[in-house]
> 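The structure follows.
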Amino acid sequence: DAGVTQSPTHLIKTRGQQVTLRCSPKSGHDTVSWYQQALGQGPQFIFQYYEEEERQRGNFPDRFSGHQFPNYSSELNVNALLLGDSALYLCASSLNPGLALGQYFGPGTRLTVT
Amino acid sequence: GENVEQHPSTLSVQEGDSAVIKCTYSDSASNYFPWYKQELGKRPQLIIDIRSNVGEKKDQRIAVTLNKTAKHFSLHITETQPEDSAVYFCAAVPEGGAQKLVFGQGTRLTINP
């Protein structure tokens with residue numbers, strides 16, 4: 001039973017560039033959430049995808065966008081990168097609907113913006 | 001929106017002693033409270049969770065208690081071991097369709113041998 005996977009593991013980008021991060025959910029899960037974790041802080045919710053649509057969004061600018069594919073995998077895109085976008089980006093998968101049954105995190109993508 | 005406060009930010013205990021981490025939340029409609037353990041450079045791992053209709057839940061050396069009236073919940077680790085050293089995060093899920101996790105700031109737990 002495969003857990004949540006993410007790619008790439010690490011990424012270094014320059015200010016102003018664009019980046020795409022990828023996530024495959026745990027087998028049997030259909031909902032993907034993305035979180036940003038700055039160093040020394042708790043993860044911050046970016047948005048969640050279910051049935052290929054953005055279901056809820058956190059307090060992040062439109063530079064952050066996403067997509068979910070029919071196989072439930074998901075992408076996070078960040079445009080016009082800023083130094084402050086440097087963080088660990090975590091993907092979490094879960095099963096919808098009903099009460100939250102626990103979100104399971106992937107290993108994350110460490111993004112460094114220089 | 002929901003806000004979760006977590007204390008203490010750092011905690012150091014002797015091996016074999018107990019550790020307690022406390023969290024308070026602001027949204028009385030929140031209905032699910034998971035705890036995550038994150039070791040250095042690794043993903044957050046779900047270690048225990050509790051729903052709003054339950055007051056206490058145990059899993060071996062780990063227990064979580066919930067006081068809905070006071071809007072706080074706590075993680076209790078007994079007979080601590082060196083491998084319990086990590087950062088622990090509490091979280092709350094506000095009522096609503098999306099399973100959005102709102103995290104506390106984290107507690108760095110160090111177990112001293």
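The chains referred to below are lettered A, B, ... by the order of the sequence lines, with proteins before strands, and numbering in each begins at 1.
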> Please tell me whether A/L39 and A/W34 are part of a single hydrophobic cluster in this structure, the criterion being side-chain heavy atoms less than 4.5 Å apart.
no

> Enter the distance from A/Q44:CD to B/F103:CZ here, rounded to the nearest 0.5 Å.
9.5 Å

> Can you give me the closest heavy-atom contact between A/P107 and B/R43, atom names plus distance?
CD-NH2, 3.6 Å

> Does CD in A/Q17 sit with more than 12 non-hydrogen atoms of other residues, nucleotides or ligands closer than 6.0 Å?
yes

> Tell me, do A/F105 and B/K42 make a side-chain contact under 4.5 Å, heavy atoms counted?
no

> Within the supplied structure, the quantity of interest is the number of heavy atoms (other residues, nucleotides, ligands) at a distance under 6.0 Å from B/R108 CZ; does it exceed 12?
no

> Are the side chains of A/Q103 and B/L101 in contact, using a 4.5 Å heavy-atom criterion?
yes

> Are more than 12 heavy atoms, taken from residues, nucleotides or ligands other than B/N53, located less than 6.0 Å from that residue's CG atom?
yes

> Hydrophobic cluster membership, with links at side-chain heavy-atom distances under 4.5 Å among I/L/V/M/F/W/Y: are A/L88 and B/L46 in one?
yes

> Side chain, backbone, both or neither: which part of A/F47 has a heavy atom under 4.5 Å from chain B?
neither

> Select all residues of residues 33-41 of chain B having any heavy atom within less than 4.5 Å of some heavy atom of chain A, and report them by number, or 'none'.
B/Y36, B/Q38

> Following the transitive rule for hydrophobic clusters with a side-chain heavy-atom cut-off under 4.5 Å over Ile, Leu, Val, Met, Phe, Trp and Tyr, establish whether B/Y25 and B/Y88 coincide in one cluster.
yes

> Return a table of donor-acceptor pairs under 3.5 angstrom between the side chains of residues 3-12 of chain A and protein atoms on other chains or two or more places apart.
from	atom 1	to	atom 2	distance (Å)
A/Q6	OE1	A/C91	N	3.0
A/Q6	OE1	A/G108	N	2.9
A/Q6	NE2	A/Y89	O	3.0

> Select all residues of residues 73-81 of chain A having any heavy atom within less than 4.5 Å of some heavy atom of chain B, and report them by number, or 'none'.
none

> Indicate if A/V19 and A/I46 have the same hydrophobic cluster label, given that clusters are the connected sets of ILVMFWY residues with side-chain heavy-atom separations under 4.5 angstrom.
yes

> Tell me, yes or no, whether the heavy-atom count around A/E53 atom CD, taken from other residues, nucleotides or ligands under 6.0 Å, exceeds 12.
no

> Atom CD in B/E2, atom CZ in A/F45: separation rounded to 0.5 Å?
13.5 Å

> Got a donor-acceptor contact below 3.5 angstrom from the A/Y104 side chain to the B/Q45 backbone?
no

> Specify the closest pair of heavy atoms between B/F89 and A/Q37, including all atoms of both residues, with the distance to one decimal.
CZ-NE2, 3.6 Å

> Within a 6.0 Å radius of atom CZ on A/R15, are there more than 12 heavy atoms belonging to other residues, nucleotides or ligands?
no

> Taking atom NZ of A/K13 as the centre, report whether more than 12 heavy atoms of other residues, nucleotides or ligands fall under 6.0 Å from it.
yes

> Under 4.5 Å between side-chain heavy atoms, hopping through other hydrophobics if needed: is there a path connecting B/V93 to B/V102?
no

> Tell me which pairs pass side chain to side chain donor-acceptor pair (under 3.5 Å) where either residue lies in residues 12-21 of chain B, with sequence neighbours left out.
B/S12-B/N112

> If you take all heavy atoms of B/K100 and A/Q56, which pair is closest and at what distance?
CD-NE2, 3.4 Å

